[in-house]
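The next block holds one structure in the form of structure tokens; read it before the comments.
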Amino acid sequence: MTPAARQGLGVGVAVGAYGLSCGALGVAAGLSVWQTMATSLLLFSGASQFALFGVLAGGGSPVAAVATSSLLGIRNAFYGLQLSRMLAVRGVRRLAAAHLTIDESTAVAVAQEDRDEQRTGFWVTGLAVFALWNLMTLVGALAGNAMGDPRRYGLDAAAAAAFVALLWPRLRGRDPLATAALAVVLTVVVAPLAPAGVPVLVAGLAALAVGLPRRAPRGVAG
């Protein structure tokens with residue numbers, strides 16, 4: 001087994017196990033077991049799923065929940081731009097690669113120096129995470145359903161906590177911290193006035209404000 005394959009399997013087991021909470025939180029947000037499973041099979045993006053569950057659990061509309069989830073899923077499109085040349089896939093494999101393009105498969109792929117190892121890392125990681133994430137989502141959803149109303153155990157608030165846990169390791173550097181701080185301010189201001197789910201969308205404007213291109217440097221007179 002190559003180093004990239006070992007890394008991919010390790011990441012797959014670690015991340016896949018976290019699908020247990022995804023299943024329980026989906027049921028806590030009011031989805032059925034099969035609706036929760038559909039998010040893991042079709043959406044397959046932990047951060048987007050947790051955002052979806054969080055908005056629904058907070059009483060937000062399905063439109064706001066889907067919009068919030070989609071906003072977070074946009075990053076995978078940028079990963080695809082980086083991976084398209086690296087993987088060089090065509091046809092049905094291209095569709096499969098697009099579905100498996102997530103944080104973890106991208107990270108393992110770009111960490112390799114050899115082109116073959118990059119491809120191995122991507123496919124092993126993506127497939128391992130997909131299989132285990134969906135399996136554990138089913139287990140978590142069934143377990144959560146058996147407990148009755150999961151809100152009695154505080155699982156409706158756990159969606160937000162899980163999302164923060166995913167976000168926290170990425171808050172390094174000036175721009176991410178500035179974006180997070182501005183997002184908090186916007187959320188606090190808007191939350192008392194807007195329906196559930198809308199404050200999250202407004203907070204997304206923080207990334208645009210912080211990421212606006214800096215003023216172009218003045219030309220040097222020749």
Side-chain angles (χ1 to χ4, degrees), residues 7-76 79 95-108 122-170 196-197 199-201 204:
Q7 291 178 27
L9 287 175
V11 170
V13 171
V15 175
Y18 199 42
L20 188 70
S21 63
C22 177
L25 293 173
V27 172
L31 300 179
S32 68
V33 172
W34 297 115
Q35 286 173 330
T36 301
M37 280 300 303
T39 68
S40 284
L41 286 167
L42 303 177
L43 181 56
F44 185 48
S45 175
S48 296
Q49 289 175 260
F50 287 130
L52 177 74
F53 300 154
V55 173
L56 292 177
S61 69
V63 173
V66 171
T68 302
S69 176
S70 300
L71 184 65
L72 291 168
I74 290 175
R75 72 191 190 283
N76 290 348
Y79 295 160
L95 295 175
H99 195 55
L100 297 178
T101 298
I102 54 176
D103 295 341
E104 293 77 16
S105 60
T106 302
V108 173
F122 173 85
W123 287 109
V124 172
T125 305
L127 290 170
V129 173
F130 183 81
L132 291 173
W133 182 265
N134 279 279
L135 174 62
M136 298 310 292
T137 295
L138 177 59
V139 173
L142 292 173
N145 205 34
M147 292 189 300
D149 186 358
R151 287 173 291 187
R152 292 184 300 173
Y153 308 97
L155 285 180
D156 52 333
F163 184 69
V164 170
L166 288 174
L167 178 65
W168 187 259
R170 294 173 170 82
V200 178
L201 296 176

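Predicted model, so just to flag it, every value in this text is computed and none were measured.
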Checklist outcome for this item: Rounding to 0.5 Å, atoms CZ (Phe53) and OG1 (Thr36) come to a distance of 5.5 Å
Next on the checklist: Measuring only between side-chain heavy atoms, which start at C-beta, is Asp103 closer than 4.5 Å to Tyr79?
Outcome noted: yes
Checklist entry - Do Trp133 and Glu104 have side-chain heavy atoms sitting under 4.5 Å apart? => result no
Item to check | Ala97 versus Phe122, closest heavy-atom pair with distance | outcome: O-CZ, 3.4 Å
Item to check | Gap separating the CG atom of Leu25 from the CG atom of Leu52, nearest 0.5 angstrom | outcome: 11.5 Å
Checklist entry - So which heavy atom on Ala128 is nearest to which on Gly12, and how close? => result CB-CA, 3.9 Å
Checklist entry - From Leu43 CG over to Gln49 CD, what is the distance, rounded to the nearest 0.5 angstrom? => result 5.0 Å
Item to check | Listed partners of Thr106 passing side-chain hydrogen bond (donor to acceptor under 3.5 Å, both in side chains), at least two apart | outcome: none
Item to check | Inter-residue atom distance Leu132.CG - Ser40.OG, 0.5 Å rounding | outcome: 12.0 Å
Checklist entry - Considering all heavy atoms of both residues, which atom of Ala29 and which atom of Leu56 are nearest to each other, and what is their separation? => result O-CB, 4.0 Å
Checklist entry - Would you call the rings of His99 and Phe44 parallel, tilted or perpendicular, where under 30° means parallel and over 60° means perpendicular? => result tilted
Checklist entry - What distance do Leu41 atom CG and Asn134 atom CG have between them, rounded to the nearest 0.5 Å? => result 4.0 Å
Checklist entry - Got Leu142 and Leu138 here, is their nearest side-chain heavy-atom distance under 4.5 Å? => result yes
Checklist outcome for this item: Sorted by chain and number, sequence neighbours left out, side-chain contact (heavy atoms from CB on, under 4.5 Å) with Val108 holds for Gln7, Val11, Gln112, Thr125
